[in-house]
**Student:** 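Input: one structure, supplied below.
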Amino acid sequence: MSESAISIRNVSQRYGDAGAPDSVLALDDISLEVRKGEFVCLLGPSGCGKSTLLNVIGGLFKPTSGMCHVAGRLVDGSPHPDKIAFVFQESTLFPWYSIIENFRIALKFQGIPQSEWDDRAMQALKAVGMSSFASHYPDQLSVGMRQRVNMARGICVETDILLMDEPFAALDEQTRMVLGEDLSQLLAATGKTIVFVTHSLAEAVFLSDRIVVMSARPGKIKTIIDVNEAHPRSPDFMLEPRFSELRNECYALLRDEIRSTMAAQRDPQSAGA
Ligand SMILES: Nc1ncnc2c1ncn2[C@@H]1O[C@H](COP(=O)(O)OP(=O)(O)O)[C@@H](O)[C@H]1O
Ligand SMILES: [Mg+2]
């Protein structure tokens, strides 16, 4: 149970050359172990490096310093599509292919035998209540439905790790909550390790085993909060006093960070300058 799926050691990321006027230190000495089957949320003010950290784990680039291992393998800027799937805020479905064809492409890319493509796709679509839309095209679906399909596709490919960068950010709150329930169900059923970026406190508490609260830029880990509640989680969890307490704890931790981000971004005119 304590086996690490992801091991991040002293990772820092600087964009641009140190000393250059536009140089940005996005991450400052991040160390984090994510256990197999764990659901970890990254929560923090905008610009604190959440996407940067996710992209380092995903092998989209090599960090300026430090190391990241995924399933014991060093991730040094080379993606491991056999180990890791990404789900982004915007649906990345190909618009000119039907939903089922989009799944077949993803499964083919993963090297899954063709005889299994449709069964796997239909199973995943069924899990998010979208099996009757398999032959539709993405633009025939609402934004919420597309993101549902997008999530199902991320889950049906055979990776142990799923990285999700604000996947529900474009959706209304009710749709987000329903998709959050689906995700908790899928986590319980598949045992995948998930790292999820959100700026929603309720989403973080509802979904996470651990919430990693990050400081304003340069992003550091401010604290890690444990949420001891088994998956799949029911909406009743949100009615428990413990849920509000955890949400308030997250808010208290974030408030100062958000204020300092806002102060740094303030329009000079409104600040009276
Ligand atoms: N490719 C890049 N080049 C230069 N700066 C970047 C790049 N990507 C992100 N940044 C900067 O790094 C900081 C962290 O960005 P990001 O990881 O996207 O934060 P978050 O996802 O928490 O909003 C921000 O200040 C952002 O402007
Ligand atoms: Mg981001």
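Order of listing sets the numbers, starting from 1, for every ligand and every atom in it. None of these values were measured; they are calculated from a predicted model.
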**Student:** Please report whether the ring centroid of Y97 lies less than 6.0 Å from that of F103.
**Tutor:**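 They do not qualify: ring centres at least 6.0 Å apart.
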**Student:** What I'd like to find out is whether the side chain of L207 reaches to under 4.5 Å of the side chain of L183, using heavy atoms alone.
**Tutor:**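 L207 reaches L183 side chain to side chain.
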**Student:** Checking only N/O/S atoms, does S51 have one that is under 2.8 Å from the Mg ion (ligand 2)?
**Tutor:**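 Short answer: yes, at least one N, O or S atom is under the cut-off.
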**Student:** Less than 3.5 Å apart, any donor N or O on the side chain of T64 or Y15 sitting next to an acceptor on the other?
**Tutor:**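 Judged by distance alone, the side chains do not pair up.
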**Student:** Answer yes or no: is there an ion pair linking D160 with K36, defined by an N-O contact shorter than 4.0 Å?
**Tutor:**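 Between K36 and D160 there is no salt bridge, as every charged N stays at least 4.0 Å from the carboxylate O atoms.
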**Student:** Quiz question: by atom type and distance under 3.5 Å, do the side chains of R148 and T175 form a donor-acceptor pair?
**Tutor:**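 No pair is found: no donor N or O on one side chain lies under 3.5 Å from an acceptor on the other.
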**Student:** Taking 4.0 Å as the limit for heavy-atom contacts, which would you say applies to M214 with ligand 1: side chain only, backbone only, both, or neither?
**Tutor:**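 M214 to ligand 1: no contact under 4.0 Å from either part.
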**Student:** In terms of residue, atom name and distance, what is the protein heavy atom nearest to atom 16 (P) of ligand 1?
**Tutor:**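 The closest heavy atom on the protein side is T52 OG1, 3.7 Å.
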**Student:** Please state which option from C48, G47, A26 has its nearest heavy atom closest to atom 24 (C) of ligand 1.
**Tutor:**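 Shortest heavy-atom distance from atom 24 (C) of ligand 1: G47.
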**Student:** Taking NZ, NE, NH1 and NH2 as the nitrogens, is one of them in D209 or R233 under 4.0 Å from a carboxylate oxygen of the other?
**Tutor:**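 A salt bridge is present here (some side-chain N lies under 4.0 Å from a carboxylate O).
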**Student:** Do ligand 1 and V24 have nitrogen or oxygen atoms that lie under 3.5 Å from each other?
**Tutor:**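 V24 vs ligand 1: no N/O contact under 3.5 Å.
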**Student:** May I ask you to identify the nearest protein heavy atom to atom 9 (C) of ligand 1, giving residue, atom name and distance to one decimal place in Å?
**Tutor:**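 Closest protein heavy atom to atom 9 (C) of ligand 1: Y15 CE1, 3.3 Å.
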**Student:** Looking at D76 and K62, does any basic side-chain N land under 4.0 Å from a carboxylate oxygen?
**Tutor:**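 Salt bridge flag = no for K62 with D76.
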**Student:** Considering distance alone, does some N or O of S46 sit under 3.5 Å from an N or O of ligand 1?
**Tutor:**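 No - when backbone and side-chain N and O of S46 are compared with those of ligand 1, no distance drops under 3.5 Å.
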**Student:** For atom 18 (O) of ligand 1, state whether the nearest protein heavy atom is under 4.0 Å away.
**Tutor:**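 Yes.
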**Student:** Is atom 26 (C) of ligand 1 less than 4.0 angstrom from at least one protein heavy atom?
**Tutor:**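 No, there is none.
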